[in-house]
Amino acid sequence: MDTIITRFPPSPTGYLHIGGARTALFNWLWARKNAGQFVLRIEDTDEARSTKESVDAILESMEWLGIDWDDGPYFQTQRHDIYNEHIDRLVEQGHAYYCDCTPEEVNAMREEAKAKGLKPMYNGKCRNRGLKKGENTVVRLKTPDTGVTIVDDIVKGSTAFQNAEIDDFIIQRSSGMAMYNLAVVVDDITMGINTIIRGDDHLVNTPKQILIYQALGVPLPVFGHVPMVLGADKARLSKRHGAMSVGEYKKMGFLADALINYLVRLGWSHGDQEFFERQELIEKFDLEHLGRSAGMFDMDKLYALNAKHIQKKKPVELGDDLVPHLADLGIDAQNDAFTQGVIETLQPRSKTLVEMAQGAAFYYRDEIEFEEKAAKKFLKPETQDLLNKCADAFDGLGDFSQGAQEEVFKQIMEETGLGFGKIAQPLRVAVTGTTVSPGIFEMFIALGKEKTVQRIRKAAQFCAAQG
RNA sequence: GUCCCCAUCGUCUAGCCCGGUCCAGGACACAGGCCUUUCACGCCUGCGACAGGGGUUCGAAUCCCCUUGGGGACGCCA
């Protein structure tokens, strides 16, 4: 086959939502896997609802996800001439005609059809009137009255649509602007798109588009209609189901790789494999294993996958992702050796970067605030001696390794007769302010000897002041 | 109303095309346990599904039909 050319055509009437991101992903993956091309096209022919902000937001989200395009972005509003050329040709060749019916008239026709138990349709009134272009004329495609139009779909199989069900739909508005179905087909033809993967809400549009391809005398592309993403109540995913836009997931601390992994697996499978690296996805993605049924968006699974990706990623790489979240907490951190050490201690216990940033905060504070409950339980006046003893011992350590720290613990446990936990918990509170943190040794190492000792001493003073 | 699509554990799914290896496998969630210096991670165990009904067949999750349920589309929106 020729070079695979796929596309993603968002309409800029909002942010990039996760359903759209998934279709973009499928197309991108397929192009990348086949060393093909991925085209980005902005479908902004609905001038009333399209905004520049939406375009920017969509591009930004795609960049964050790492979905890059080889061609575009094209804007449909800049392609009037191309559409009009094709429309004129269709009219000249008798495949399309001008119509001056008013919206009221058309509405009446639809009501009439409905009353007869049919699908609401335009009745073809102007088909043979030989009208010329006028003030309020639209162009309609002359569709066949009989026969069927077959949609051969790589995921849904073959579906036959009765041509009698398809009315002479508008391809050019009275304003002269092309309508969606025409613009899409002309774009796909002129951009050389040969593989179209999109949501199955477009399946019923496909026969109309095929009719345009045929009228234009152009071979059909490969169609693949993937099921939609549903919310937890099995209704089409919408705002009330929670976060919709890709940008929100970024804010919530998800890794782009994790979101991609999740989205692709929702509606595609590779045996029992759940976890995929980006490169792996490109290698393994295929069209055969796209699912046919709609799937519900499941936050829990996304969290689990995100946790996995956080665990497997290198601290250096995670650093760049984490720094902005630390900044959100007012922490001015760099992706340096210190931060990477911090990250290492938090990787197995963070589901999101937000969680990681929160868990990391104590490392960066100059002043530790003790949680009331924790202090009451573990920083009692009588704990002062223990803390000072620990601080002294640690301070005397030339080598602040885990092994050396363990030795210190051993000695103090012997001296005091206390169990490990009795020593570790007060120290934990002393250093972090809370009872929950990474493992005590790894944490001290990440923090560094100096700060660790300093914090323990401060806590000892705090204990003394409690009496 | 009309047309179209879909149907395996609560959820994502493997298996279905090319019937037997499936009294249906994995993952998330949930429950219990182990590990343990806290919280996690990890490990182990458990719970849990072929929507229903008819066929076809020696044999059906897999093929056919009907029913039911869910979703989508019918616009001078995309």
Side-chain angles (χ1 to χ4, degrees), chain A residues 9-13 43-46 48-50 76 99 101-103 106-107 110 113-121 136-140 151 153 155-157 159-162 164-167 169-175 177 179-181 183-184 199-207 225 227-228 230 232 234-236 262 265-275 288-289 291-305 307-308 311 346-351 355 359 374 378 409 419-425 427-429 432 434-441 443:
Chain A
S11 52
T13 54
E43 304 205 328
D44 54 353
T45 53
D46 182 358
R49 293 195 299 154
S50 299
Q76 291 191 321
C99 163
C101 295
T102 62
V106 176
N107 261 334
R110 284 200 254 267
K114 243 170 147 174
K116 286 187 197 156
L118 298 172
K119 194 179 262 195
M121 296 198 300
N136 284 307
T137 54
V138 297
V139 177
R140 289 180 181 275
V151 178
D153 191 283
V155 350
K156 304 280 186 184
T159 306
F161 290 85
Q162 294 295 324
E165 291 277 336
I166 303 168
D167 69 355
F169 57 96
I170 296 177
I171 56 177
Q172 186 185 54
R173 299 171 168 89
S174 54
S175 67
M177 173 81 81
M179 283 284 285
Y180 168 75
N181 279 123
V184 166
D200 69 4
D201 49 335
H202 285 286
L203 186 61
V204 288
N205 267 324
T206 309
H225 287 91
M228 324 219 60
L230 309 178
K234 292 202 169 204
R236 188 186 190 148
Y262 176 73
R265 265 286 347 223
L266 180 58
W268 174 80
S269 61
H270 184 76
D272 285 337
Q273 189 172 348
E274 301 279 349
F275 182 90
E288 288 76 45
H289 294 87
R292 276 157 303 177
S293 53
M296 289 177 17
F297 190 85
D298 180 12
M299 263 305 210
D300 280 335
K301 191 132 187 175
L302 212 207
Y303 276 119
L305 220 34
K308 267 250 157 56
Q311 275 184 44
L346 291 160
Q347 273 178 297
R349 61 198 92 231
S350 307
K351 276 187 164 33
E355 223 177 274
F378 294 107
F409 260 70
F420 196 112
K422 294 281 184 214
I423 303 173
Q425 278 309 83
L427 284 174
R428 192 186 306 282
V429 177
T432 71
T434 76
T435 54
V436 176
S437 85
I440 207 98
F441 301 125
M443 173 173 77

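Side-chain atoms are counted along with the backbone in the values below, which use heavy atoms only and exclude waters and symmetry mates. Sequence lines set the chain letters: A, B, ... in the order given, protein chains first and strands last, and positions in each chain run from 1.
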**Q.** Watson-Crick or G-U wobble mate for B:rC16, both contacts under 3.5 Å
**A.** none
Q: Return the value, rounded to whole Å, for the distance between atom CD1 of A:Ile170 and atom C1' of B:rC77.
A: 12 Å
Q) Would you say the base of B:rC76 and the side-chain of A:Ser174 have a donor-acceptor pair closer than 3.5 Å? A) yes
Q. So which nucleotide from B:rC76, B:rC39, B:rG72 ends up closest to the side chain of A:Asp201?
A. B:rG72
Q.
Using Watson-Crick or G-U wobble geometry with both distances under 3.5 Å, which nucleotide pairs with B:rC35?
A. none
Q) Does A:Arg349 get its side chain close enough to the base of B:rC39, under 3.5 Å, for a donor-acceptor pair? A) yes
Q.
The side chain of A:Leu266 is closest to which nucleotide in this list: B:rC5, B:rU13, B:rC41?
A. B:rU13
Q: Decide yes or no for A:Arg428 and A:Ile440: does some side-chain heavy atom of the first lie under 4.5 Å from some side-chain heavy atom of the second?
A: yes
**Q.** Pair assignment for B:rA24, Watson-Crick or G-U wobble, requiring both distances under 3.5 Å
**A.** none
Q: Check the distance between B:rA78's P and A:Gln76's CD and give it to me in whole angstrom.
A: 8 Å
Q. C1' atom, B:rU21 versus B:rU62: distance in rounded Å?
A. 14 Å
Q: With RNA chain B as reference, determine whether A:Ala294 or A:Met177 sits nearer its 5' end, using the nearest nucleotide of each.
A: A:Ala294
**Q.** Proximity to the side chain of A:Leu203 - top-ranked nucleotide from B:rC41, B:rC5, B:rA73
**A.** B:rC5
Q: Could you state the atom-to-atom distance from CG of A:Leu305 to C1' of B:rC12 in whole Å?
A: 10 Å
Q) Can you find a donor-acceptor N/O pair under 3.5 angstrom joining the side chain of A:Gln273 to the base of B:rG26? A) no
Q. Quick one: the side chain of A:Lys156 and the base of B:rC5, do they pair up donor-acceptor inside 3.5 Å?
A. no
Q) How far does the P atom of B:rA49 sit from the matching atom of B:rA61, given to the nearest Å? A) 15 Å
Q.
Distance check, P atoms only: B:rA14 and B:rC63, in whole angstrom units.
A. 14 Å
Q. Looking at the side chain of A:Phe441, which of B:rC28, B:rU37, B:rG75 is the nearest nucleotide?
A. B:rU37
Q.
Could you tell me how far apart A:Arg110 (CZ) and B:rC3 (P) are, to the nearest whole angstrom?
A. 18 Å
Q.
Looking at the base of B:rU13, is there any donor atom on it, or on the side chain of A:Arg265, that sits under 3.5 Å from an acceptor on the other one?
A. no
Q | Paired nucleotide for B:rC74 [Watson-Crick or G-U wobble; both distances under 3.5 Å] | A | B:rG1
**Q.** Identity of whatever pairs with B:rA51 - Watson-Crick or G-U, under 3.5 angstrom
**A.** B:rU67
Q) Between B:rC5 and B:rC9, how far is it from one C1' atom to the other, in whole Å? A) 24 Å
Q: Take atom P in B:rG25 and the same atom in B:rG46, then report the distance between them in whole Å.
A: 11 Å
Q) Rounding to a whole Å, what distance do you find between A:Leu230:CG and B:rG69:P? A) 18 Å
Q: Look at the side chain of A:Ser293 and decide which nucleotide, out of B:rA78, B:rU8, B:rU38, has an atom nearest to it.
A: B:rU8
Q: Return the value, rounded to whole Å, for the distance between atom CG of A:Asp300 and atom P of B:rC30.
A: 7 Å
(Q) Looking at the base of B:rA78, is there any donor atom on it, or on the side chain of A:Asn181, that sits under 3.5 Å from an acceptor on the other one? (A) no
(Q) Considering every strand and a 4.0 Å limit on heavy-atom distances, what is the contact class for A:His225: base, sugar-phosphate, or nothing? (A) nothing
Q: Using Watson-Crick or G-U wobble geometry with both distances below 3.5 Å, tell me the partner of B:rG46, or none.
A: B:rC30
Q | Residue mapping more 5' on RNA chain B - nearest nucleotide basis, A:Gln311 or A:Ala424 | A | A:Ala424
Q. When the distance from CG of A:Leu427 to P of B:rU38 is rounded to whole Å, what number comes out?
A. 14 Å
Q: Report yes if a donor N or O on one partner sits less than 3.5 Å from an acceptor N or O on the other, where the partners are the side chain of A:Asp272 and the base of B:rG25; otherwise report no.
A: yes
Q | Rounded distance in Å between the C1' positions of B:rC4 and B:rC41 | A | 48 Å
Q) Hey, is the main chain of A:Phe275 close enough, under 3.5 Å, to the side chain of A:Arg265 for a donor-acceptor pair? A) no
Q. How far, in whole Å, is B:rU36 from B:rC30 if one measures between their P atoms?
A. 24 Å
Q | A:Arg173 side-chain proximity, nearest of B:rC76, B:rU11, B:rU38 | A | B:rC76
(Q) Centroid distance below 5.5 Å plus an interplanar angle below 30 degrees: do A:His289 and B:rA14 meet both conditions? (A) no
Q: Scan A:Phe161 against the nucleic acid and name what it touches under 4.0 Å (heavy atoms): base, sugar-phosphate only, or nothing.
A: sugar-phosphate
Q: Could you tell me whether the side chain of A:Lys119 has a donor or acceptor atom within less than 3.5 Å of a complementary atom in the base of B:rA73?
A: no
Q) Taking atom P in both B:rC6 and B:rC65, what distance in whole Å separates the two? A) 12 Å
Q | B:rC6 base / A:Arg292 side chain donor-acceptor hit below 3.5 Å | A | no
**Q.** Nearest-neighbour nucleotide for the A:Glu165 side chain, B:rC3, B:rC74, B:rA27 considered
**A.** B:rC3
Q: Among B:rG26, B:rA78, B:rU37, find the nucleotide with the atom closest to the side chain of A:Ile440.
A: B:rU37
Q: Send over the distance from A:Met228 CE to B:rC4 C1', rounded to a whole Å.
A: 14 Å
